[in-house]
There are 2 protein chains.
Amino acid sequence: MERIERHASFGGWQDVYQHESSSLGCTMKFGVYLPPQASSGPVPVLYWLSGLTCTEQNFITKSAVQQLAAEHGIAIVAPDTSPRGESVADDPAYDLGQGAGFYVNATEAPWSDHYRMYDYVVSELPALVEKNFPVSQARSISGHSMGGHGALVIALRNPGRYRSVSAFSPIVAPTQAPWGQKAFSAYLGGDQEQWRQYDAVELIADAKERLPLLVDQGLSDDFLQNQLRPELLQDACAKVNHPLSLNLRDGYDHSYYFISSFIADHLKHHASALNT
Amino acid sequence: MERIERHASFGGWQDVYQHESSSLGCTMKFGVYLPPQASSGPVPVLYWLSGLTCTEQNFITKSAVQQLAAEHGIAIVAPDTSPRGESVADDPAYDLGQGAGFYVNATEAPWSDHYRMYDYVVSELPALVEKNFPVSQARSISGHSMGGHGALVIALRNPGRYRSVSAFSPIVAPTQAPWGQKAFSAYLGGDQEQWRQYDAVELIADAKERLPLLVDQGLSDDFLQNQLRPELLQDACAKVNHPLSLNLRDGYDHSYYFISSFIADHLKHHASALNT
């Protein structure tokens, strides 16, 4: 593991590391923010999963999360969104291949060699982080769009592993959305049972843990009607009485301007679960 | 003037406009953040000047200023850093030509046709902003690096025009720094009297107005010793008893991680001058 960036930020350190990932079979980068509290003992960690086309840079440069992480004493870990490199399969479209890993373990060629972002985020990355940084095993997870899908799915499938979960503008039902259908067809083939395992709306019915979901969604988001459809999550939660706080924000779009406007609420939500 | 971006942000609007600039003879872009208070009456304006290689995007995406602007009820105007376009002279180096206007009015070929950023920032842009947006004539100015130089010089040369001034990591004495010497030689030729008019350290001695200077400087800034040299400003201010708050920040570098960590102090400084 090698540190490739280090910046002082709000009394702590915003770093970027790269390492050879065994799950993904390539070099991966991730951002780590260590708040000032990390210099005097282990701090909990919030994992952030970014959306289509993003790298480890978007959240750490645009979300203004560091101030809040410093305030609450939480480390932030923000990985890249897919395997990367010349030997890694890709597609010219922005919504498939590099930058579009969808947080699944691909089973189909040519993707199955490297596209194992589910394993990377659930297992390899936390093990690496917990071995190398002054952090505890108290974990939470959040993300945006494709990464909001990833955060919800990963929390729902791993009861006990995360203290809290939230999402901005998540793809709540990728099996019913054009982005998800395209990606899942490529990465997972035709097996609908596999698709269900990566769909938050499908997973809610059988959730083993009633972890409250905090979701923020902008009402001027261009992808709202066709790709994101928060009402499907609302219906699924209502059916089984799964706790959901869905905040619909008038005028807000799909950008980091939206995320930065409400990230304080999400950090507060995670801090109350992590710091108890 | 045409609006080319609009994003809801902290209850206000982060917009980007483009217009035909008469001072610069080209199409220019600038960011405008209108805080929620602007919907019920005119608000004061903080002008932000960015550094080398930047456009109108850097400050509005990376500084986290919008939350503070919304809190204090201040509009933020962030122009591009030079004239732009195929017909505008350029240089392959990052520190000359497009992206490196240095906030001067160039007198030398091939720069003098378009490189008039001093006039643009002092006169054309405020007139455009005050005509088209719900803002008052209460103005403040700030900036980073080359833009910190611009902010200090413009405030010092225009007594009464700005309520307050501040800078992050400014080039305080471009006539004594390699960046400034290279740019001034190209834009202004050999006339040292002209150079002096664009050098904050030179201007302090004759300042007609004792506007307090707020300057933040990271001590791990790679450009500190060779290009920025805040001690020159400190000496110049001490000599004539010009009010200066110089904050030297241990561990901080030249990046937007530094700016975002201390931008709240600067907004508070400007708000106390603008909102009285």
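Note on naming: letters A, B, ... go to the chains in the order of the sequence lines (proteins, then strands), and numbering restarts at 1 for each one.
Using a 3.5 Å distance cut-off with no hydrogens or angles, the side chains of A:Gln57 and A:Glu5 do pair a donor with an acceptor. Counted by atom type alone, A:Ser166 and A:His270 present one or more donor-acceptor pairs between their side chains at under 3.5 Å. Using modelled atom types and a 3.5 Å distance limit, the side chains of B:Glu20 and B:Thr27 yield a donor-acceptor pair.
Taking 4.5 Å as the limit, every side-chain heavy atom of B:Thr81 sits out of range of all side-chain heavy atoms of B:Leu52.
Between the B:Asn275 side chain and the B:His72 main chain, a donor and an acceptor come within less than 3.5 Å of each other. In this structure a side-chain-to-backbone donor-acceptor pair under 3.5 Å is present from B:Gln98 to B:Gly85.
Near-neighbour residues of residues 256-264 of chain A relative to chain B, defined by a heavy atom under 4.5 Å from a heavy atom of that chain, comprise A:Tyr257, A:Phe258, A:Ser260, A:Ser261. Contacts of residues 11-18 of chain A with chain B at a heavy-atom distance below 4.5 Å involve A:Gly11, A:Trp13, A:Gln14, listed in sequence order.
Here the shortest heavy-atom pairing between B:Val121 and B:Tyr162 reads O-OH, 4.0 Å.
Relative ring orientation between B:Trp48 and B:Phe59 is described as parallel, the plane-to-plane angle staying below 30° on a 0-90° scale split at 30° and 60°.
Residue B:Arg6 touches chain A through its backbone alone, counting heavy-atom pairs closer than 4.5 Å. Using a 4.5 Å cut-off between heavy atoms, B:Ser255 touches chain A through its side chain atoms alone.
Partner B:His144 forms a ring-ring contact (aromatic ring centres under 6.0 Å, His included) with one of B:His149, B:His254, B:His266 and no other, that one being B:His254.
Under a 4.0 Å N-O distance rule, the pair B:Asp265/B:Arg249 qualifies as a salt bridge.
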